[in-house]
Amino acid sequence: MQVRAHRLDELELLLTLLSVLGAFLAPQISLPAFRFTMRHLRRAARRPGWAMAFVAALPLLLRAALLAWMPAPQPQIQEEFSYLLGADTFAHGRLANPTHPMAVFFDNMQLIQTPHYASARLPGQAAFLAAGEAMFHSPWMGVYLSVGLMCAAFYWMLRGWAPPVWALLAALLFAIRFGVFTYWMNSYWGGSVIALGGALVLGALARILRRPRMRDALLYALGCCLLASNRPYEGFFFVLPTVAVLGFHWRKAGSETRARLLLLGSAAIFIVAVYLAWFAFYNDATTGSPFQTAYGLWRQQQSVVPAFWWQPLRRTLPVYYSAQTYQFNAVWEVGIYRALHRSIAAGMEEMGWRLMQFLRLYIRPLLLLPMLAAVAGASSRRGRKHAGLRNGLWVAAGLLAAFLGHSLVFTSIFLVGGVFLLMQGEVSPRLRLPIAVLLAGAASAVLTNFNMPTYESHFTAAALILVAAGLESIAAWRRRRGTGAALALNLSFCCGLMFLVSTAFSIFHVHVTHEAPFYWSTYENELADRAAVESFLERQPGQQLAIVRYGAGHDVLKEWVWNLADIDAQKVVWAREQKPGWTAQLVKYYRGRTIWLAEPEAGRVVPYPVGDLSSFGEPLPLPGSGK
């Protein structure tokens, strides 16, 4: 059975509309269940330690229960293989690997070959994968445990910004919606680690503003380090508003509090400085320079498109050693750049779509209502007169945008309205910071040539604060009739219902088509053919070499040639076919292995036609070295 991905969006929008209609037409149906739920949530929230443990364990237990139908994921995205290379390097006790003499056959996106063989991604996600590999012989266990830590941190964060009962409800909704069926749990791509960093920063900040303590300063610094070790550019935009708030708080504080804040700030700066010193050492180990990251070096060696949209394209093409790296860098990425710069309207549409993607992935219609209610309804006395009208307008605009998928309509209303409310001072002071963080995230998203929702998972921490505040605000609306309480319960109930739908899809193997890999639950392996070939080769006696020959029209995003840290120790080594004189040297180097030719487009694996090995041809180049 197959279901198109947009049908799931339509189902959630339908459930959102039914939640609203049910709350208005028959609130009395939901009120007993609302009172029952809130009574038990209040009881659980009185024991925050146990509540935090439950929030952390819930997605882990649910995901473990689904292992029979959803086993540990297979890597399929380029970043996943790169993170796994970094994790395997760490697990071997190294920061980088020596350049392989046959490096030209292993050259690929998302990694560097010179001056060392290493992942081009930053080390944060890889460190968690390495911990899973070291402790459980499974990198996915690092992903699995990081999701539990993230959910616990989100609950801890929310208790600093919302009443305990609403913090617990929002954390539970987040755990079941995004802790089991997203790429955060079902891939090696990352997401939970940087979201953990965002939760630590905002949770610690809320406590520092009330009562400065050393523990919270250290957690704030730890969150900053996690952001810097995964997405430093987006992390900078995330942290900047929090630093501004701390500076403003220090300015208004008394002399004793100022001295305390200076002490805590010094401790936090020291922790961050220690991390930056280690990161400089890591850079030196991978690239030979403490100021050059592996990612930056990889872009320098291969990329044509610059980081920011106002920068020009690179004039001279780098040297590519495969059609795939050329297609990725000089065709696919350049195509995105040219589409973005085709016209002002096209650029605006793309920027708006980027922001809409964040809401579609991390908020979705059911949680969009509480988020908008928090922004539009949590106002000061000056704004209460028109709060109901603003609520209606924001909700209507949000639902219309979600239904039509028209990014410019929604983002222009949300961003312009958010800035206006901040300038007018009509937003509750406790919500100004999360709104400012989201606006900073929007700014970071529209400045670069490339952006995906995966870059911004830490901004979900600020969004969830608004969701918790919005649920509280909605529940208090029309208290006598119970409309708001019914709406809050209906939305929460439908979140659980969507979880059950995803569970049913997994158990009954419902194939969701036309979905991006970071949406919804299936995350089905688009490299299943490669996994089947690898399984076949693993069963063969002795060591194996798979030389990959791509056919015409091969999708460059579905790359087969990936290896780990110690290439020659692998039972199956993957290499791309080069011109005959070079390939003869690869065959000679691996003459003790059984050599196969893998042709993805033809769907076959056959013994490689070795031929004459007497002529080696020209010397092999080193990718990225210019030699």
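Taking CG of Leu172 as the reference point, atom CZ of Arg177 lies at 14.0 Å (rounded to 0.5 Å). Between the CZ atom of Arg121 and the CG atom of Leu84 there is a distance of 13.0 Å, given to the nearest 0.5 Å. With rounding to the nearest 0.5 Å, the separation of CE in Met371 from CG in Leu466 is 5.5 Å. Separation of atoms CZ (Phe136) and CG (Leu145) is listed at 5.5 Å; rounding is to 0.5 Å. In this structure, the separation between OG on Ser289 and CG on Asp284 is 7.0 Å, given to the nearest 0.5 Å. One distance of note links CG of Leu149 with OG of Ser192; it measures 8.5 Å at 0.5 Å rounding.
Smallest separation of non-hydrogen atoms from Phe90 and Ala130: CB-CB, 3.7 Å. Trp189 approaches Tyr83 most closely through the heavy-atom pair O-CE1, 3.2 Å. When all heavy atoms of Ala126 and Gly86 are compared, the pair lying nearest together is CB-C, 3.8 Å. Contact record, Leu491 with Leu369: CD2-CD1, 4.0 Å, taken as the closest heavy-atom pair. Closest non-hydrogen pair, Ala469 versus Leu431, comes out as CB-CD2, 3.7 Å.
Of the candidates Phe358, Trp184, Phe238, Phe236, Phe238 is the only one forming a ring-ring contact (aromatic ring centres under 6.0 Å, His included) with His458. Remark: of the listed residues Phe174, Phe178, Phe181, Phe181 is the sole one forming a ring-ring contact (aromatic ring centres under 6.0 Å, His included) with Phe499.
Formation of a donor-acceptor pair under 3.5 Å by the Trp140 side chain with backbone atoms of Leu129 is not found in this model. Side-chain atoms of Asn449 come within 3.5 Å of backbone atoms of Pro306 as a donor-acceptor pair (strictly under, hydrogens ignored). Proximity of a side-chain donor or acceptor of Asp216 to a complementary backbone N or O of Leu205 within less than 3.5 Å is not detected. No donor-acceptor pair under 3.5 Å is formed between the side chain of Trp298 and the backbone N or O of Gln113. Of the possible polar contacts, none joining the Ser473 side chain to the Gly470 backbone as a donor-acceptor pair under 3.5 Å is found. Panel note: side chain Ser492, backbone Ala488; a donor-acceptor pair is recorded below 3.5 Å. The closest donor-acceptor contact from the side chain of Tyr144 to the backbone of Leu60 lies under 3.5 Å. A donor-acceptor pair under 3.5 Å is formed between the side chain of Ser119 and the backbone N or O of Ser82. Glu80 contributes a side-chain N or O that, together with a main-chain N or O of Tyr188, makes up a donor-acceptor pair within less than 3.5 Å. Side chain of Thr286 to main chain of Asn283: a donor-acceptor pair is present (N/O by atom type, distance under 3.5 Å, no hydrogens or angles).
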Stepwise ring pair (Phe, Tyr, Trp, His ring centres under 6.0 Å) test for Tyr117 and His100: CA-CA 7 Å; Tyr117 171 49; His100 197 280; 7.9 Å; no
Between Asp566 and His92, is the side-chain contact (heavy atoms from CB on, under 4.5 Å) condition met? List the steps. CA-CA 9 Å; Asp566 194 350; His92 278 79; 4.1 Å; yes
Check the pair Leu227, Val201 against side-chain contact (heavy atoms from CB on, under 4.5 Å), reporting the backbone distance first and the verdict last. CA-CA 9 Å; Leu227 295 176; Val201 168; 4.1 Å; yes
Steps toward side-chain contact (heavy atoms from CB on, under 4.5 Å) verdict (Glu456, Asn451): CA-CA 9 Å; Glu456 296 153 352; Asn451 180 270; 2.8 Å; yes
Let me see the working for Arg299 and Glu333 under salt bridge (charged side-chain N to carboxylate O under 4.0 Å, His left out), right down to the final yes or no. CA-CA 12 Å; Arg299 299 297 296 177; Glu333 285 193 347; 2.9 Å; yes
Report the C-alpha separation of Phe237 and Val437 in whole Å, then their side-chain angles, then the decisive distance to 0.1 Å, and conclude whether the side-chain contact (heavy atoms from CB on, under 4.5 Å) test is met. CA-CA 8 Å; Phe237 279 85; Val437 169; over 6 Å; no
Chi angles and distances behind the salt bridge (charged side-chain N to carboxylate O under 4.0 Å, His left out) call for Arg260, Glu256: CA-CA 6 Å; Arg260 182 67 176 168; Glu256 184 178 348; over 6 Å; no
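For the pair Leu564/Phe81, no side-chain contact is recorded, criterion being any heavy-atom separation below 4.5 Å from C-beta on. No side-chain heavy atom of Leu95 sits less than 4.5 Å from a side-chain heavy atom of Thr89. Counting heavy atoms from C-beta outward, Gln78 and Phe328 have side chains that approach closer than 4.5 Å. Residues Gln125 and Ile194 have side chains not in contact (no heavy-atom distance under 4.5 Å, counting atoms from C-beta outward). Side chains of Gln300 and Gln292 form a contact here, defined as non-hydrogen atoms less than 4.5 Å apart. Counting heavy atoms from C-beta on, the side chains of Leu202 and Thr242 come closer than 4.5 Å. Looking only at side-chain heavy atoms (C-beta outward), Val55 and Cys151 come within less than 4.5 Å of each other. Between Thr448 and Arg354 the shortest side-chain heavy-atom distance falls below 4.5 Å.
Val304 pairs by the side chain to side chain contact (heavy atoms under 4.5 Å, CB included) definition with Leu313, Arg314, Leu317, Pro318, Tyr320, Ala330, Val334, not counting sequence neighbours. Under the rule for a side chain to side chain contact (heavy atoms under 4.5 Å, CB included), the partners of Trp250 that lie at least two apart in sequence or sit in another chain are Arg258, Leu261, Leu262.
A cation-pi geometry, defined here as NZ or CZ lying under 6.0 Å from the six-membered ring centre and within 45° of its normal, does not hold between Arg159 and Trp166.
Between Arg63 and Asn186, the side chains place a donor N or O and an acceptor N or O closer than 3.5 Å (distance only, hydrogens not considered). For the residue pair Ser303/Asn329, the side-chain donor-acceptor check at 3.5 Å is not satisfied.
Taking the six-membered ring where the residue is Trp, the centroids of Trp278 and Tyr282 are separated by under 6.0 Å.
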